[in-house]
Novice: 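There's a structure below that I have some questions on.
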Amino acid sequence: MGEAPTDEVLTDDAFLGGRLHLLQPQRGHRAGHDALLLAASAPEAGRAVDLGAGVGAAGLAYAARVPVATLTLVEIDPALADLAGRNAARQMPGLAERVRVVCADVARLGRPSGPDMPAAGAADLVLMNPPFNDLARHRASPHSGKALAHAIADADAEVWLRAAERLLAPGGRLALIHRPEAIEALLAGLKGRFGAVTIRPVHPSPEAPANRLLIGAIKGRRTPPALLPALVLAGGDGRPSAAAEHVLRAGGAIGPG
C-alpha cells in the first residue's frame with residue numbers, strides 16, 4: 001500500500017485495551033464500538049472476509065482474536081483501503097501475513113466481471129457492517145467519506161447480503177451489525193439465502209431501547225430464527241458492564257447464548 005493522502009489528518013487510536021492500534025482520518029466516519037461488537041460476535045473460522053472494512057477495525061479485531069483465520073478486507077474507498085493495509089502491517093507480529101486488502105465495490109464481488117479476490121464460494125465467514133443510515137430517514141453527510149460509510153437505503157442492504165451469499169461456501173456463516181429499524185429489510189434479504197438466523201439486541205444501558213442488532217446466519221440453512229439474550233453495554237450508573245469490558249477492552253467473544 002502507498003502513503004495516505006498528505007492533506008488528510010490522521011489519528012492513531014487504541015482499541016481493545018491497547019492491543020489494537022489504528023490510523024484513521026480525523027474527519028468522516030471513524031471506527032468505534034460497532035466494529036468491535038461485530039468482531040466479537042463472529043464465530044471462529046479459517047477464511048474470513050470483512051465487507052465495508054474501512055480502516056480495518058472489525059476484521060483486524062477479529063484476526064487478533066482468532067489466530068487461525070486468514071482475512072480479506074474489502075473497502076471501496078481507496079484511501080481507507082490504503083489505511084487498512086497500513087493498519088494490518090503495524091499490529092502484532094505475523095498478523096499482516098494473514099491479511100489481504102481489496103479495494104472494490106461490494107456489489108461486484110463474487111461475479112465473473114468482478115475482482116479475482118475474494119473468490120466466490122471460498123469464504124467460511126463474512127463480517128458485514130453495511131452503511132447504516134437509510135436515506136429516507138437521514139440526511140447524508142456532506143463529508144464524502146462519511147457519506148460512503150453511512151448512507152444507503154435499508155432496502156439496499158440486500159446488495160450486501162447477495163454478495164455475502166456469493167462469497168460464502170455452503171454452510172458458511174454471516175455476522176453483521178445494523179440498526180433495529182432495518183430488521184424488516186434485513187430479514188427479507190436473508191430469506192431464501194440464509195437460515196438459522198440469530199438476533200442479539202444491543203442496549204446502551206438497561207433502560208434504553210436497543211440501538212444495534214448483532215445478526216448471525218448460515219448460508220443454505222432453513223432453521224427458524226432465534227432471539228438471543230440482549231447485550232447491555234453500561235449499567236444504570238453509566239459504568240461499562242462486565243460484558244462490555246470483556247468485549248471492548250479484553251477482546252473476548254460474545255458467546256452463542
Side-chain angles (χ1 to χ4, degrees), residues 11-22 24 29-45 48 50-67 69 71 87 91-92 95 125-133 138 149-150 154 157 173-184 186-187 190 196-218 225-257:
T11 61
D12 189 349
D13 302 302
F15 296 83
L16 302 179
R19 285 184 297 281
L20 185 67
H21 288 83
L22 300 176
Q24 55 181 333
H29 176 67
R30 290 173 57 78
H33 287 177
D34 287 349
L36 303 184
L37 292 170
L38 173 60
S41 73
E44 294 191 8
D50 180 7
L51 301 183
V55 299
L60 294 177
Y62 177 80
R65 177 170 65 83
V66 184
L71 174 68
N87 283 331
Q91 305 309 320
M92 62 188 69
L95 191 147
L125 169 70
V126 168
L127 300 99
M128 200 167 81
N129 187 1
F132 274 0
N133 289 342
H138 303 275
H150 277 291
D154 287 347
R173 293 178 176 269
L174 170 69
L176 69 92
I177 186 168
H178 217 298
R179 298 173 296 102
E181 300 94 315
I183 186 62
E184 184 176 5
L186 292 171
L187 290 177
L190 290 166
V197 176
T198 59
I199 304 168
R200 187 187 302 275
V202 179
H203 298 256
S205 65
E207 303 301 323
N211 62 358
R212 294 290 184 267
L213 296 176
L214 291 167
I215 297 177
I218 302 177
L227 185 63
L228 299 182
L231 176 66
V232 181
L233 297 182
D237 59 1
R239 296 182 179 180
S241 66
E245 289 282 291
H246 172 70
V247 169
L248 301 176
R249 289 190 60 81
I254 300 173

Novice: Give, for atom CG of Leu36 and atom CG of Leu248, the distance between the pair rounded to the nearest 0.5 Å.
Specialist: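 If I round to the nearest 0.5 Å, the distance is 5.5 Å.
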
Novice: Which atom names give the shortest non-hydrogen contact between Gly18 and His21, and what distance separates them?
Specialist: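 The answer is O-CE1, 2.8 Å.
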
Novice: Using the test side chain to side chain donor-acceptor pair (under 3.5 Å), find all partners of Thr11 that sit at least two apart in sequence or belong to another chain.
Specialist: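 So Thr11 forms a side chain to side chain donor-acceptor pair (under 3.5 Å) with Asp13, Arg30.
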
Novice: Please walk me through it: do Arg19 and Met92 pass side chain to side chain contact (heavy atoms under 4.5 Å, CB included)?
Specialist: CA-CA 8 Å; Arg19 285 184 297 281; Met92 62 188 69; 5.7 Å; no

Novice: Please report the closest heavy-atom contact between Ile218 and Ala196, naming both atoms and the distance.
Specialist: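 What the structure gives for the nearest pair is CD1-CB, 4.0 Å.
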
Novice: Hey, which of Asn129, Leu186, Leu213 is the one that makes side chain to side chain contact (heavy atoms under 4.5 Å, CB included) with His178?
Specialist: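 With His178 as partner, side chain to side chain contact (heavy atoms under 4.5 Å, CB included) holds for just one option, Leu186.
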
Novice: I need the minimum non-hydrogen distance between Arg65 and Ala253, along with the two atoms involved.
Specialist: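 Closest pair (atom of Arg65, atom of Ala253, distance): NH1-CB, 3.4 Å.
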
Novice: Which donor-acceptor pairs under 3.5 Å do the side chains of residues 52-62 make with protein atoms, sequence neighbours left out?
Specialist:
| residue | atom | partner | partner atom | Å |
| --- | --- | --- | --- | --- |
| Tyr62 | OH | Pro43 | O | 2.7 |
| Tyr62 | OH | Ala45 | N | 2.8 |

Novice: Taking all atoms of both residues into account, what is the closest heavy-atom pair of Val232 and Ser205, and its distance?
Specialist: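 Looking at all heavy atoms of both residues, the closest pair is CG1-C, 3.7 Å.
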
Novice: Indicate yes or no for a side-chain donor-acceptor contact from His203 to the backbone of Ala208 under 3.5 Å, with no hydrogens or angles considered.
Specialist: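 Checked: pair present.
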
Novice: Looking at every heavy atom in both Arg212 and Pro180, which two are closest together, and how far apart are they?
Specialist: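 Smallest heavy-atom distance, with atoms named: N-CD, 3.7 Å.
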
Novice: Has Arg249 got more than 12 heavy atoms of other residues, nucleotides or ligands less than 6.0 Å from its CZ?
Specialist: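 Result for CZ/Arg249: open.
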
Novice: Which pair of non-hydrogen atoms, one from Leu214 and one from Leu37, has the smallest distance, and what is that distance?
Specialist: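 In this case the closest contact between Leu214 and Leu37 is CD2-O, 3.8 Å.
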
Novice: Evaluate the criterion side chain to side chain contact (heavy atoms under 4.5 Å, CB included) for residue pair Leu174 and Leu190; output intermediate values, then yes/no.
Specialist: CA-CA 10 Å; Leu174 170 69; Leu190 290 166; 3.7 Å; yes

Novice: With sequence neighbours excluded, what pairs up with Asn211 under the side chain to side chain donor-acceptor pair (under 3.5 Å) test?
Specialist: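 For Asn211 there are no side chain to side chain donor-acceptor pair (under 3.5 Å) partners, ignoring immediate neighbours.
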
Novice: Does NE2 in His33 sit with more than 12 non-hydrogen atoms of other residues, nucleotides or ligands closer than 6.0 Å?
Specialist: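 Counting other residues, nucleotides and ligands, NE2 of His33 stays at 12 neighbours or fewer.
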
